[in-house]
There are 2 protein chains.
Amino acid sequence: MASKSNIFTIASETGYSVSTVSRVLTGQAEKFRISKKAIDLISETARRVNYQPDLVAQTLRTRQSRTIGLLVPGIDNPFFATLAGIIIKMLGDRGYHTLLADSRESETEEEQALQMFLGRKVDGIISVPVSSSAARLEQISQQIPVVLIDRHFRKTNLPYVCTDNYAGARMAAEYLLQRGYKRILAIQGVRSSMPNQERLRGFEDALKRQAVQYAAVGNAFSVENGHDQTIALFAGADKPFDAVFAFSATILLGAIDAFRELNMKVGKEVGIISFDNNGFLDFLDPAVTRVEQPLREASELAVETLFSIMEARREGRPDPDLLQRLIPPTLVVRSSC
Amino acid sequence: MASKSNIFTIASETGYSVSTVSRVLTGQAEKFRISKKAIDLISETARRVNYQPDLVAQTLRTRQSRTIGLLVPGIDNPFFATLAGIIIKMLGDRGYHTLLADSRESETEEEQALQMFLGRKVDGIISVPVSSSAARLEQISQQIPVVLIDRHFRKTNLPYVCTDNYAGARMAAEYLLQRGYKRILAIQGVRSSMPNQERLRGFEDALKRQAVQYAAVGNAFSVENGHDQTIALFAGADKPFDAVFAFSATILLGAIDAFRELNMKVGKEVGIISFDNNGFLDFLDPAVTRVEQPLREASELAVETLFSIMEARREGRPDPDLLQRLIPPTLVVRSSC
DNA sequence: TAATTTTGCGCAATCGTTTGAGCAAAACGT
DNA sequence: ACGTTTTGCTCAAACGATTGCGCAAAATTA
């Protein structure tokens with residue numbers, strides 16, 4: 001019979017009115033000058049009958065759900081899983097719950113999820129957007145604070161916190177240069193995605209005035225793509241490249257697999273460097289040199305940003321500005337190049 | 001101005017009452033003999049004003065949230081992340097949303113999450129339990145259907161779907177025997193956990209009447225544990241074991257790292273086999289032979305089980321029985337032993 | 001003692017929906 | 001033409017909380 005109790009139960013048990021009970025239970029007792037006697041009796045009774053507020057009713061009445069909608073494009077991707085883990089924890093610490101939706105890289109599912117967030121009256125949204133246009137999110141942002149993470153739109157005033165992919169790619173390419181590689185291949189992910197475009201730009205900017213050859217192929221953040229592109233280019237007798245820059249850990253794995261098939265020694269015959277975090281990369285042989293994204297820092301910043309907007313709006317202030325942040329990734333040097 | 005419209009807006013716009021509007025919008029039109037004219041006008045108006053039902057109000061009134069609470073002990077663990085991904089997708093397909101909570105292996109946080117699920121009026125709970133007792137979940141189960149996944153309690157009537165860890169461990173140990181290994185070391189995870197106990201039992205049962213030596217050490221599903229135990233036992237000149245059975249992928253990684261430090265060739269000087277799924281294991285060199293858990297099948301079964309209970313209860317039938325399932329894992333043979 | 005202030009609390013509306021009960025008008029049967 | 005059924009809809013009460021307003025009794029002041 002747990003939890004069948006509501007505010008009326010307590011009201012009749014104690015002889016006080018529901019208003020008084022509510023005020024006591026929401027901590028507004030002194031504000032309304034409720035007597036100590038009443039406070040004690042009510043709290044005691046609440047405990048005794050194991051009262052738990054109905055969060056749904058509370059939400060309906062107060063228009064606040066203490067819930068944040070978190071939208072990722074693939075929770076089974078370790079990257080987003082870690083992100084989600086951190087964010088859920090941080091929100092929990094602030095007394096907020098998380099409604100998680102997975103758009104699975106589909107604009108349709110993204111729209112459905114957003115619709116659902118609206119219907120569920122979330123207090124804020126943290127999203128890794130997949131759609132190509134910011135329009136819908138900007139529209140929603142007028143009602144509910146939205147913060148973008150990991151991906152953003154080129155022209156938007158939506159707040160975001162992303163990795164500085166340009167700087168990261170540049171860093172990786174320059175490291176390859178420094179290690180003496182002369183013919184460098186980039187294997188890309190989804191070309192239309194912002195991170196990929198930025199990485200490509202960084203890659204090219206780093207190499208274009210240098211005495212090296214380079215190219216960029218591929219079009220998916222997948223193991224297959226990494227594998228197939230590698231086979232396609234390295235299967236012949238003359239090797240056109242001496243180093244590979246994988247734009248994601250999945251791509252990297254595919255490439256490594258391909259090199260194994262081709263019997264090429266990674267680190268010796270061909271250098272390899274990767275984007276993305278993945279603790280796993282340290283256990284490959286050789287351990288993979290990579291550009292790691294500051295996941296924790298980004299998550300923290302995103303949550304803080306969201307709460308600062310929520311607070312501002314609650315107090316009727318305009319949104320704080322300058323909320324678009326690029327965080328520089330870090331180069332983790334191992335022995336694969 | 002999106003979504004400021006409610007059922008009253010539509011009622012006054014169309015001249016019908018809120019009841020009629022509600023019935024049309026919830027698809028109960030013919031049941032209440034609403035005229036085609038009314039249906040058309042109302043649906044059209046709803047579309048025009050971009051009406052989106054307030055799910056919170058709906059939940060309050062109908063006592064149904066179309067939301068399932070999913071509780072995992074660590075969403076950043078790839079295993080649970082994959083699990084969550086599959087489950088979220090499946091629930092989505094059935095028109096349900098997911099409220100995700102992470103207990104982080106803490107009983108306290110688990111209790112908080114459950115409390116939250118109750119307050120949010122979830123229609124069902126899928127949980128990887130961390131607490132040592134089934135009591136609380138059994139109590140909740142009287143109000144809200146609960147299905148356990150991946151972990152269960154020895155004595156409970158709660159429905160669950162878990163890997164058959166006993167069979168899996170046995171399978172692994174027997175495979176090692178078959179490959180001719182004579183001195184086998186198991187590195188365990190958390191000893192108090194049910195999966196670990198079952199694995200240990202399978203391991204011992206497979207070996208105890210055989211002409212081989214064996215031992216089990218360790219007490220954590222962590223990289224460090226795998227590493228440290230390996231170092232402790234293999235650092236000396238005489239190697240006490242010729243094969244290692246890692247009870248999880250994390251343990252395995254630690255062991256592999258240790259063997260690298262010790263300059264021992266995995267697959268040649270020492271055989272190694274692991275529990276757990278992890279696509280990554282194929283990219284290690286040598287690829288790791290392992291016992292894989294049927295994650296997708298388990299998730300599907302869990303969701304189906306949950307829905308069958310929900311349906312039964314909606315119709316006032318008793319819960320279906322025989323809902324405790326152990327799914328046999330599969331041996332994936334690679335070249336590490 | 002009378003006027004004023006403070007203390008402590010209750011009434012009832014409200015959030016946006018759903019739903020049991022009821023009712024007038026139209027259609028039908030005889 | 002008059003009772004009966006069907007059609008098509010409306011009324012108003014929930015669901016469980018929060019909250020603006022108001023008001024009697026007690027305490028204080030003059």
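Every chain is numbered from 1, with letters handed out A, B, ... down the list of sequences. Computed from heavy atoms alone, side chains included, the values below leave out hydrogens, waters and symmetry copies.
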Worksheet item: Phe32(A) has an atom CZ; how far is it from atom P of dC11(C), in whole Å?
Response: 16 Å

Discussion item. By the 4.0 Å heavy-atom rule, please label Tyr16(A) as base, sugar-phosphate, or nothing.
Written reply: sugar-phosphate

Worksheet entry | Nearest-angstrom distance from the residue atom CG of Leu25(B) to P of dT18(C) | 8 Å

Discussion item. What's Thr59(B) touching, base or sugar-phosphate or nothing? Going by heavy atoms closer than 4.0 Å.
Written reply: nothing

Worksheet item: So what does Ile34(B) touch, heavy atoms closer than 4.0 Å: a base, only the sugar-phosphate, or nothing?
Response: sugar-phosphate

Worksheet item: Does dT18(D) have OP1 or OP2 sitting under 4.0 Å from an N or O in the side chain of Gln28(A)?
Response: no

Item to complete: Please tell me which of Gly15(A) and Arg63(A) maps to the more 5' nucleotide of DNA chain C, matching each residue to the nucleotide holding its nearest heavy atom.
Response: Gly15(A)

Worksheet item: Do Glu300(A) and Arg325(A) sit within salt-bridge range, that is, some charged N less than 4.0 Å from a carboxylate O?
Response: no

Discussion item. Nearest to the side chain of Ile7(B), heavy atoms from C-beta on, is which of dC9(D), dT17(C), dT19(C)?
Written reply: dT17(C)

Worksheet item: Within the pair Gln58(A) and dT18(D), is there a side-chain N or O less than 4.0 Å away from OP1 or OP2?
Response: yes

Worksheet item: Taking 4.0 angstrom as the limit, do Glu13(B) and Arg48(B) come out as a salt bridge?
Response: yes

Worksheet item: Is Glu311(B) salt-bridged to Arg314(B), cutoff N-O under 4.0 Å?
Response: no

Practice prompt. Examine the base of dG8(C) for any acceptor or donor lying under 3.5 Å from a partner atom in the side chain of Arg23(A), and report the outcome as yes or no.
Written response: no

Worksheet entry | side chain to side chain contact (heavy atoms under 4.5 Å, CB included) between Arg94(A) and Val303(A), intermediate numbers included | CA-CA 10 Å; Arg94(A) 293 170 187 245; Val303(A) 171; 3.8 Å; yes

Worksheet entry | Between P of dT17(C) and CG of Leu60(B), the distance in whole Å | 12 Å

Worksheet item: Would you call Asp123(B) and Arg66(B) a salt bridge, using N to O less than 4.0 angstrom?
Response: no

Practice prompt. Tell me which nucleotide among dT7(C), dA21(C), dG16(D) gets nearest to the side chain of Ala57(A).
Written response: dG16(D)

Practice prompt. Send over the distance from Lys37(A) NZ to dT7(C) P, rounded to a whole Å.
Written response: 17 Å

Practice prompt. Could you tell me whether Ser22(B) contacts a base, only the sugar-phosphate backbone, or nothing, with contacts defined as non-hydrogen atoms closer than 4.0 Å?
Written response: base

Worksheet item: Taking the side chain of Ala38(A) as its heavy atoms from C-beta onward, which of dC9(C), dT10(D), dA17(D) lies nearest to it?
Response: dC9(C)

Discussion item. Tell me the interatomic distance from Leu55(A), atom CG, to dC15(D), atom C1', rounded to whole angstroms.
Written reply: 14 Å

Worksheet item: Between atom CD1 in Ile42(B) and atom P in dT10(D), what is the gap in whole Å?
Response: 8 Å

Item to complete: Look at Asp54(A) together with Arg63(B) and state whether they make a salt bridge at an N to O cut-off of under 4.0 Å.
Response: yes

Discussion item. Given the structure, check if the side chain of Ser19(B) and the base of dC11(D) hold any donor-acceptor pair shorter than 3.5 Å.
Written reply: yes

Worksheet item: Rounding to a whole Å, what distance do you find between Arg61(A):CZ and dC15(C):P?
Response: 8 Å

Worksheet, complete the sentence: On DNA chain C, more 5' by nearest nucleotide between Arg33(A) and Ser17(A) is Arg33(A)

Item to complete: Compare the minimum distances between each of dC9(D), dT10(D), dT19(D) and the side chain of Ser35(B), then state the nucleotide with the smallest one.
Response: dC9(D)

Worksheet item: Tell me: CD1 of Ile39(A) to P of dC9(C), nearest whole Å?
Response: 9 Å

